[in-house]
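Okay, so here's the structure we're looking at.
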Amino acid sequence: MKVTLISRSGKEFIKGGLELNDSATVADLQEAIYRRTKKYYPSRQRLTLPLQPGSKEKPTVLHYKKSVKDYCNGNSENLTVMFKDLGPQVSYRTLFFFEYLGPLIIYPIFYYLPVYQYFGYKGERAIHPVQTYALYCWCFHYFKRIMETFFVHRFSHTTSPLSNVFRNCAYYWTFGAYIAYYVNHPLYTPVSDLQMKIGFGFGLVCQLSNFYCHILLRNLRSPTGNGGYQIPRGFLFNIVTCANYTTEIYQWLGFNIATQTVAGYVFLVVAALIMTNWALAKHRRLKRLFDGKEGRPKYPRRWVITTPIRVEMNGKRPLGPLDSAAYLKDVVREVNSHLD
Amino acid sequence: MAGFLSVLRRIYLTLYNWTVFFGWFQVLYLALKTLKESGHEHVYDAVEKPLQLAQTAAVLEILHGLVGLVRSPITATLPQISSRLYVTWGILWSFPETRTHILVSSLVISWSITEIIRYSFFGTKEALGSAPSWLLWLRYSTFLLLYPSGITSEVGLIYIAMPYIKESEKYCIRMPNKWNFSFDYYYAAILTLGIYVPGSPHMYTYMLGQRKKALSKSKRE
């Protein structure tokens with residue numbers, strides 16, 4: 001069978017197209033493209049079925065496991081496929097390793113080395129116990145993350161765009177330096193002994209809970225990472241959809257209770273907002289997939305990430321601050337559609 | 001219900017746009033009048049109150065974008081309004097030493113002409129449903145000259161204010177304190193200048209894209 005490849009502009013991407021066996025899979029097609037172009041390796045390719053001009057629908061993405069014939073509409077001899085270059089890709093393990101390695105190296109530099117001399121602070125620096133415990137806590141957290149990346153996580157997507165490495169590293173490394181600067185500062189004011197113990201104790205419990213959440217999530221996926229979506233169950237997943245994010249947020253809250261820096265709380269707020277967005281998306285996706293119809297299980301009533309944020313539990317009535325904003329936005333969108 | 005809300009939305013946006021338009025018109029009128037009669041040293045004193053009111057009213061635009069009252073993306077609105085508020089309050093209002101500089105005049109004139117055109121365009125669009133083609137052309141063409149002059153004035157004024165920022169230690173927070181936080185307004189100003197470097201071309205190319213889209217759309221119609 002013949003496969004014609006076109007770019008998004010409509011031009012033919014590979015002159016004369018590609019000839020494939022009738023039994024060829026999408027993975028075979030991707031390999032054939034790679035052999036012809038020498039540049040676009042399979043993870044760099046996004047193959048979709050072309051849409052009608054002006055169509056608002058989402059294009060059908062060709063799944064690498066499926067047969068190419070499955071996408072032919074009756075006419076099994078010819079298929080037109082739209083090709084998009086996703087740009088240079090890196091494995092998720094590489095991405096996570098480098099983004100977590102930064103804070104793991106940067107933080108101890110502020111603790112051990114005389115960096116504050118360059119900021120105009122001369123003389124000896126008295127190190128408070130809380131600063132030492134904060135170092136252990138911080139390093140344990142990022143070491144744990146790196147270990148989980150290599151030995152626990154199973155990834156549904158094998159690669160990520162190279163640009164994400166720079167973006168994510170900028171985020172983690174900058175915040176790492178920002179927090180380390182204040183926690184290890186010569187003029188740092190420590191909290192009370194009790195507050196420190198509560199903070200680090202709570203943080204440690206949350207770190208261990210987070211690890212257990214990751215183990216539970218790992219068991220939902222097959223070793224190849226292609227288990228598809230399943231309803232997470234057990235432990236905190238019976239209460240919240242994204243217990244892994246909940247424990248992550250509370251772990252940073254514990255760290256901030258113990259260290260009490262504005263920088264730490266800024267990081268907590270930013271991280272919580274990012275994770276809340278991810279959690280809302282996952283919650284909606286699971287509710288849509290597990291709708292209780294056609295033999296599919298119904299997704300149980302659960303909080304999304306932390307108890308005040310709940311989505312569409314009681315019909316259309318908004319519950320919680322995020323839902324109120326979303327509800328208001330829906331009303332305005334409806335008004336705008338009437339104007340159009 | 002939706003019909004009533006859409007009417008309410010249009011009335012509100014019409015009132016908002018024309019109110020701010022008159023604010024900026026007043027700024028331009030006072031600036032040109034003072035420039036002619038007393039010279040550039042007195043421009044700021046003449047326009048201070050209406051400038052602060054008109055510029056601060058733009059905060060509502062961020063809110064409009066957030067709740068979906070207007071379609072403009074917050075990613076484009078937020079940096080522009082933030083930088084202008086920073087210059088209005090964080091530089092001109094906070095450091096009187098900068099107020100007599102010639103750049104204040106170029107800044108105020110660039111801003112006010114841009115805003116008079118912009119708010120009258122949106123005001124007309126909300127009130128009548130569409131704006132005349134000449135106003136559309138002005139809305140998407142005057143920035144070609146006024147953006148560079150406005151941005152140059154903004155950057156220039158921040159740079160001029162820097163010695164005074166360093167000397168006064170205004171808005172600085174020093175450690176030790178309970179929340180283990182420090183803030184140096186001088187370094188914040190350097191950071192702001194650093195953001196202008198990639199930010200200005202980005203905003204300019206964004207506007208060029210908007211211009212191309214808007215003018216080609218009007219040609220088709």
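Lettering follows sequence order; numbering is per chain, from 1. In this text, all values refer to a predicted model and were calculated from it rather than measured experimentally.
- Within a 6.0 Å sphere centred on CD of B/Glu167, other residues, nucleotides and ligands contribute 12 heavy atoms or fewer.
- Heavy atoms of other residues, nucleotides or ligands lying less than 6.0 angstrom from CH2 of B/Trp18 number more than 12.
- Of the two parts of A/Tyr121, neither the backbone nor the side chain holds a non-hydrogen atom closer than 4.5 Å to a non-hydrogen atom of chain B.
- B/Tyr29 OH: 12 or fewer foreign heavy atoms inside a 6.0 Å radius.
- Among B/Leu8, B/Asn177, B/Asn180, the residue making the largest number of heavy-atom pairs under 4.5 Å with chain A is B/Asn180.
- A/Tyr182 contributes a side-chain N or O that, together with a main-chain N or O of B/Ser182, makes up a donor-acceptor pair within less than 3.5 Å.
- Within a 6.0 Å radius of OH in B/Tyr86, more than 12 heavy atoms belonging to other residues, nucleotides or ligands are found.
- Within 6.0 Å of OH in B/Tyr187 there are 12 or fewer heavy atoms belonging to other residues, nucleotides or ligands.
- Here the straight-line distance linking atom NE2 of A/His185 with atom CE of B/Met175 works out to 5.0 Å at 0.5 Å rounding.
- Of all heavy-atom pairs between A/Thr189 and B/Pro176, the closest is OG1-CB, 3.7 Å.
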